[in-house]
Protein chains: 2
Amino acid sequence: MQSEADFLASYDPRAFPAVAVTVDVVALTIRDGRLCVLLVERGAQPFAGRLALPGGFVRDESPDAAALRELGEETALARVHLEQLKTYGDPGRDPRMRVFSVAYLAFAPSLPDPRAGSDAAAASWIPVEQATDLAFDHDTILADGLDRARAKLEYTPLATAFTGPEFTIAELRAVYAAVWGEDLHAGNFHRKVLSVPGFVESTGETTARGGERGGPRAKLYRAGDARLLHPALLRPAREEGIR
Amino acid sequence: MQSEADFLASYDPRAFPAVAVTVDVVALTIRDGRLCVLLVERGAQPFAGRLALPGGFVRDESPDAAALRELGEETALARVHLEQLKTYGDPGRDPRMRVFSVAYLAFAPSLPDPRAGSDAAAASWIPVEQATDLAFDHDTILADGLDRARAKLEYTPLATAFTGPEFTIAELRAVYAAVWGEDLHAGNFHRKVLSVPGFVESTGETTARGGERGGPRAKLYRAGDARLLHPALLRPAREEGIR
DNA sequence: TTAATAGTGTCTTTCAGACAATATTAT
DNA sequence: ATAATATTGTCTGAAAGACACTATTAA
């Protein structure tokens with residue numbers, strides 16, 4: 001967008017082929033120990049009746065603001081973490097016209113059912129393994145979002161974005177287990193989390209009672225001030241690396 | 001982009017406010033041990049005479065293809081690594097109209113001076129610390145690209161994208177030193193690189209002669225098949241983490 | 001010969017992961 | 001009492017980083 005030809009062309013914006021820019025949000029939360037994604041059912045063609053990521057056109061606002069707005073239309077957000085994921089703009093990804101979608105990734109604590117927005121027919125939290133056959137290229141976007149989320153748990157304290165403001169180490173471990181899809185050793189996880197500077201800080205309180213089926217009352221923590229985890233909480237298994 | 005209202009609106013693409021989508025490329029290489037970025041001098045308003053990242057409008061092609069094309073117009077590319085960085089779309093980032101820019105990050109081996117493209121007035125490799133006061137929001141894009149590049153050296157074998165097809169461990173170390181801006185311990189780096197499975201593989205050859213000021217001939221390696229480094233080549237210092 | 005560099009060896013500290021042990025609490 | 005769970009302890013092996021050492025080569 002810096003050549004002279006481009007500049008001249010820009011004198012008449014209508015001279016450009018029509019393109020639209022939207023945002024789509026991969027909003028993740030954990031319900032009943034399962035990783036869930038917020039999906040809406042499309043009411044109109046194309047892909048009518050199919051599930052899709054919530055999203056919409058970017059108005060006279062930043063893409064970040066658009067994503068936040070779209071998310072707010074579907075959920076009573078509050079404390080959500082929101083970050084840009086990737087932009088999808090292959091020709092033909094929307095049969096109607098050229099549409100570029102700036103995808104976002106959101107992490108939210110367990111929330112009540114989303115309010116049926118005025119816009120979307122129906123919005124609901126769906127376990128990610130059941131979120132298939134989505135509209136447009138949203139399967140790909142969701143997969144990329146999950147990859148990113150799984151990677152970010154390793155080296156950032158974002159797991160705390162899935163919990164309430166105060167949480168136990170076991171709750172934090174449940175977040176990792178849900179996102180990574182594998183159980184973690186309770187003892188090692190506990191020691192590891194407490195050893196990373198700034199990951200969590202103690203509130204001095206404990207839970208009011210022990211677990212459902214017994215056990216001592218657990219200490220409560222809140223998120224610390226670290227932005228990166230050092231050392232990182234590495235994901236297990238993986239074996240000989242993903243070549 | 002899934003509501004009925006949106007769908008109806010899409011019947012007349014011209015009903016949308018005019019927006020444009022461009023790509024901008026943060027192309028990095030190493031010359032004389034210094035990390036350099038490819039910049040072009042703008043010939044037209046706005047920001048005439050200022051340096052900018054190479055880029056241009058996305059045509060009837062994927063954003064990836066557009067970035068590759070723009071890069072090819074400035075350099076004799078070959079073996080470049082190209083990945084999407086982030087999308088910038090704040091209102092007002094281009095004074096002419098609403099422009100969303102999908103930024104890309106490219107790593108290239110040391111190249112001859114870029115050919116003066118038909119498009120851009122002049123393109124040249126500039127040491128990153130001198131790349132300031134760029135046009136538009138390109139300072140921000142460059143900074144984000146550098147952050148990404150520095151992080152990716154840690155856990156991916158992308159440093160090899162900066163070298164020729166065959167390289168010595170010392171050359172690889174020079175890449176890390178240039179990108180991270182700090183020297184690395186030669187002995188430990190050497191052992192570390194060879195210990196990571198799939199990072200490099202030996203060619204069985206050595207350099208024709210030793211270093212400029214003496215020293216043995218070094219063994220030559222080529223890039224291995226690893227996509228991720230396990231364990232990672234962690235960046236030194238950082239101290240108490242970036243809180 | 002001298003200086004620079006490639007590559008290897010050794011030691012200490014840190015950390016991950018396996019496993020065990022203890023304490024606390026719901027049922 | 002029993003079972004489940006929180007938390008801490010111990011041990012082993014991997015890996016990072018500091019440092020030293022040897023071998024090779026250009027000047």
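A note on names: the letters A, B, ... follow the listed sequences, proteins ahead of strands, and every chain is numbered from 1.
From A:Arg148, atom CZ reaches atom NZ of A:Lys86 across 10.0 Å, with rounding to the nearest 0.5 Å. Separating the CZ atom in B:Arg235 from the NE2 atom in A:His230 is a distance of 9.0 Å, to the nearest 0.5 Å. With values rounded to the nearest 0.5 angstrom, B:Arg227 atom CZ is found 10.0 Å from B:Thr156 atom OG1.
The stretch residues 168-179 of chain A has no heavy atom under 4.0 angstrom from DNA chain C at all.
Put simply, CZ on B:Phe199 is 15 Å from P on D:dA15, counting in whole angstrom units. We find that CG of A:Leu194 is positioned 14 Å from C1' of D:dG9, with the value rounded to whole Å. With rounding to whole Å, A:Leu229 atom CG is found 15 Å from C:dC15 atom C1'. The CD atom of A:Glu182 sits 10 Å away from the P atom of C:dG17 (whole-angstrom rounding). The nearest whole Å value for the distance from the NE2 atom in B:His190 to the C1' atom in C:dT5 is 11 Å. In this structure, B:Phe167 places its CZ atom 16 Å from C1' of C:dA6, rounding to the nearest Å. Per the geometry, CG belonging to B:Leu184 stands 15 Å off P belonging to C:dT5, to the nearest Å.
For the pair A:Leu146 and A:Leu35, the minimum side-chain heavy-atom distance is below 4.5 Å. Counting heavy atoms from C-beta outward, B:Arg50 and B:Leu134 have side chains that stay 4.5 Å or more apart.
More than 12 heavy atoms of other residues, nucleotides or ligands lie within 6.0 Å of CG in A:Asn188, so this atom counts as buried by the packing criterion. Counting non-hydrogen atoms of neighbouring residues, nucleotides and ligands closer than 6.0 angstrom, the CD atom of A:Glu129 exceeds 12 such neighbours.
For B:Phe189 and B:Tyr176, the gap between ring centers is short of 6.0 Å.
Distances shown here put a side-chain N or O of A:Lys219 below 4.0 Å from the OP1 or OP2 atom of D:dT8.
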- [ ] Show your reasoning for whether side-chain contact (heavy atoms from CB on, under 4.5 Å) applies to A:Leu85 and A:Tyr104.
- [x] CA-CA 5 Å; A:Leu85 177 59; A:Tyr104 278 79; 5.7 Å; no

Open item on the list: For a quick check, with a 4.0 angstrom heavy-atom cut-off, what is the B/S/- contact string for nucleotides 18-27 of chain D, read 5' to 3'?
Closed with: BB----BBSS

